[in-house]
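Here the structure is a predicted model, which is why all the values come from computation and not from measurement. Chain letters run A, B, ... following the sequence lines, proteins first and then strands; every chain starts at 1.
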Protein chains: 2
Amino acid sequence: MEQVKILLAEDDANLGLLLKEYLIAKNYNTTLCEDGDKAYDEFLKNPFDLCIFDIMMPHRDGFTLAKDIRLINSEIPIIFLTAKSMKEDVLEGFKLGADDYMTKPFSMEELLVRIEAVLRRTAGVKPENNQEEFKLGRYTFDAKKQYLVDGDNTIKLTTKESELLKLLCNNVNKVLERNLALKTIWSDDNYFNARSMDVYITKLRKHLKEEPSIEIINVHGKGYKLIM
Amino acid sequence: MEQVKILLAEDDANLGLLLKEYLIAKNYNTTLCEDGDKAYDEFLKNPFDLCIFDIMMPHRDGFTLAKDIRLINSEIPIIFLTAKSMKEDVLEGFKLGADDYMTKPFSMEELLVRIEAVLRRTAGVKPENNQEEFKLGRYTFDAKKQYLVDGDNTIKLTTKESELLKLLCNNVNKVLERNLALKTIWSDDNYFNARSMDVYITKLRKHLKEEPSIEIINVHGKGYKLIM
DNA sequence: ATTATGACTTAACAATCTTTAACACACAAG
DNA sequence: CTTGTGTGTTAAAGATTGTTAAGTCATAAT
């Protein structure tokens with residue numbers, strides 16, 4: 001399971017950090033740069049799947065940055081973030097091959113769904129990366145088919161078991177926060193759903209008990225962590 | 001270069017005509033429908049490359065229309081146009097697989113550049129309205145003739161079997177929600193029809209049992225998912 | 001007209017999934 | 001240590017789904 005890499009250029013440190021934290025929490029590998037020059041250097045050094053650029057930045061504005069990057073990569077999706085909502089700017093942005101253009105202030109959730117919409121279309125370019133398979137020690141976990149395979153023994157997981165294990169796998173060795181998991185899988189983080197989640201953690205532990213190198217540990221008051 | 005066909009659903013006759021004229025002037029073959037029902041019928045009759053839907057419309061609102069169309073074609077790009085800018089609506093729109101979401105009032109030029117941005121990404125996705133043939137591993141499913149072919153062995157499917165399998169195929173690897181399938185095939189989602197649907201799922205599973213790479217899995221409380 | 005056939009629905013019961021309840025234990029703060 | 005809250009675990013309850021078979025209806029064949 002490959003992580004999507006996002007290059008984020010935003011000179012407002014507050015907004016930048018906020019966005020970065022949020023995107024990382026949503027499992028996007030996010031690199032933040034505080035101006036256009038730094039973002040350009042970063043782009044040259046590392047491969048990315050998606051760009052999110054503020055327009056007004058020191059050293060190199062978002063439009064110029066996009067133009068320069070388009071010279072190197074004409075396919076990578078670009079989303080512009082800006083306080084300017086003037087028509088000419090929007091048009092200019094799309095002329096540079098933007099995939100979306102969001103005017104501040106915007107909600108983080110809206111940015112997220114727009115990112116997903118763009119990636120959904122971009123992913124179609126290379127349609128093989130849907131393989132949702134994880135190696136867990138002696139086990140192989142197929143999130144799509146909801147199977148947990150251990151040699152010749154195949155355990156069929158239920159939907160909830162599979163969704164939860166997948167979230168844990170996407171955050172190996174990191175804390176999967178309760179409320180995030182609940183909102184993602186149960187769409188509501190009330191007391192009863194939280195207890196239900198605990199029950200599923202027990203179920204998963206039982207399923208994985210044959211492999212001592214894998215453990216789901218609790219982080220008190222925070223959530224769970226899959227370690228391996 | 002074939003002309004791009006746009007299905008436009010907008011109940012405000014003034015705005016609708018204005019948009020239609022504008023899009024036609026920009027060389028988009030545009031069909032205007034004044035409500036959701038007419039748009040749905042039009043979609044069933046002819047193949048399109050892009051949908052542009054108003055949200056608030058008589059007979060069938062834009063969201064419902066999109067949901068119904070997604071059952072038949074899960075790939076066609078959809079842009080929502082609306083006066084509602086509330087966060088929940090935007091998120092709802094994208095959850096239905098929207099590609100963009102524009103809040104009125106907007107400039108026609110901005111709509112145009114956003115259309116172009118969407119089409120740039122979806123280029124190569126041919127309109128699959130009339131696609132009636134699906135490859136299911138070793139099987140070939142002809143939805144029109146209601147045949148399921150496996151080498152020299154041809155199984156004749158009943159109408160309901162075929163309709164259900166077609167819906168599943170149109171949503172491969174995604175959850176086909178019970179109530180949507182029931183509304184589409186049985187036109188009513190009461191308890192008995194739901195049970196009938198379960199019976200047909202069993203029948204389909206039996207028909208597809210020779211191909212282990214294909215499975216119809218249940219998503220508890222939600223619906224079924226054809227995975228391959 | 002009667003019978004046979006096939007598609008679809010309804011019934012019945014088994015199996016499974018998820019939630020809720022109950023009680024035991026662990027952790028952090030005072 | 002004690003208390004309140006969070007977590008581990010099991011079991012039961014409640015709901016959904018799997019499956020087979022019988023029932024219903026329309027149509028075709030005799």
- Message: Side-chain N or O of A/Trp186 versus OP1/OP2 of C/dT19: is the shortest distance under 4.0 Å?
- Response: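 Yes, within the criterion.
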Using whole Å, report how far [atom1] of [X] lies from [atom2] of [N].
X: A/Asp188; N: C/dT18; atom1: CG; atom2: P; result: 17 Å
X: A/Leu157; N: C/dT16; atom1: CG; atom2: C1'; result: 14 Å
X: B/Gln146; N: C/dA7; atom1: CD; atom2: C1'; result: 11 Å
X: A/Met197; N: D/dT9; atom1: CE; atom2: C1'; result: 16 Å
X: A/Leu204; N: D/dT10; atom1: CG; atom2: C1'; result: 16 Å
X: B/Leu164; N: C/dC8; atom1: CG; atom2: C1'; result: 13 Å
X: A/Lys209; N: D/dG8; atom1: NZ; atom2: C1'; result: 16 Å
X: A/Asp189; N: C/dT19; atom1: CG; atom2: C1'; result: 17 Å

- Item | Candidate nucleotides C/dT9, C/dT18, C/dC8, ranked by approach to the side chain of A/Lys160 - the nearest |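 So the nucleotide nearest the side chain must be C/dT18.
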- Message: So A/Lys206, base contact, sugar-phosphate only, or nothing? Heavy-atom distance under 4.0 Å.
- Response: sugar-phosphate
- Is A/Thr158 touching bases, backbone alone, or none of the nucleic acid, heavy atoms closer than 4.0 Å? sugar-phosphate
- Pairwise 5' ranking along DNA chain C for B/Phe192 and B/Lys156, keeping only the more 5' one: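 The 5'-side residue here is B/Lys156.
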- Message: Reading DNA chain C from 5' onward, which residue's closest nucleotide shows up sooner: B/Lys203 or A/Asn190?
- Response: B/Lys203
- Task: Working to the nearest 0.5 Å, report the span between NZ of A/Lys203 and OG1 of A/Thr158.
- Result: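 A/Lys203 atom NZ to A/Thr158 atom OG1 measures 7.0 Å (nearest 0.5 Å).
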- Query: Between atom CG of A/Asn179 and atom CG of A/Asn190, what is the distance when rounded to the nearest 0.5 Å?
  - Reply: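 Between atom CG of A/Asn179 and atom CG of A/Asn190 there are 12.5 Å.
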Would you tabulate the nitrogen or oxygen pairs shorter than 3.5 Å linking the protein to nucleotides 13-18 of chain D?
residue	atom	partner	partner atom	Å
D/dT17	OP1	B/Gly221	N	2.9
D/dT17	OP2	B/Arg178	NH1	2.9
D/dG18	OP1	B/Arg205	NH1	2.9
D/dG18	OP1	B/Arg205	NH2	3.0
D/dG18	OP2	B/Tyr224	OH	2.4
D/dG18	N7	B/Arg195	NH2	3.2
D/dG18	O6	B/Arg195	NH2	2.9

- Relative to each other, are the rings of A/Phe43 and A/Phe48 parallel, tilted or perpendicular (30° and 60° limits)? parallel
- Short N-O contact, B/Glu42 and B/Lys38, less than 4.0 angstrom: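 No.
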- Message: Are the side chains of B/Ile6 and B/Asn29 in contact, using a 4.5 Å heavy-atom criterion?
- Response: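 With C-beta onward as the side chain, the pair stays apart.
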- Cation-aromatic face contact B/Arg60/B/Tyr40, 6.0 Å, 45 degrees: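 B/Arg60 over B/Tyr40 ring: yes.
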- Item | Check: A/Phe134 ring centre within less than 6.0 Å of A/Tyr139 ring centre |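 So the answer is no for these two rings.
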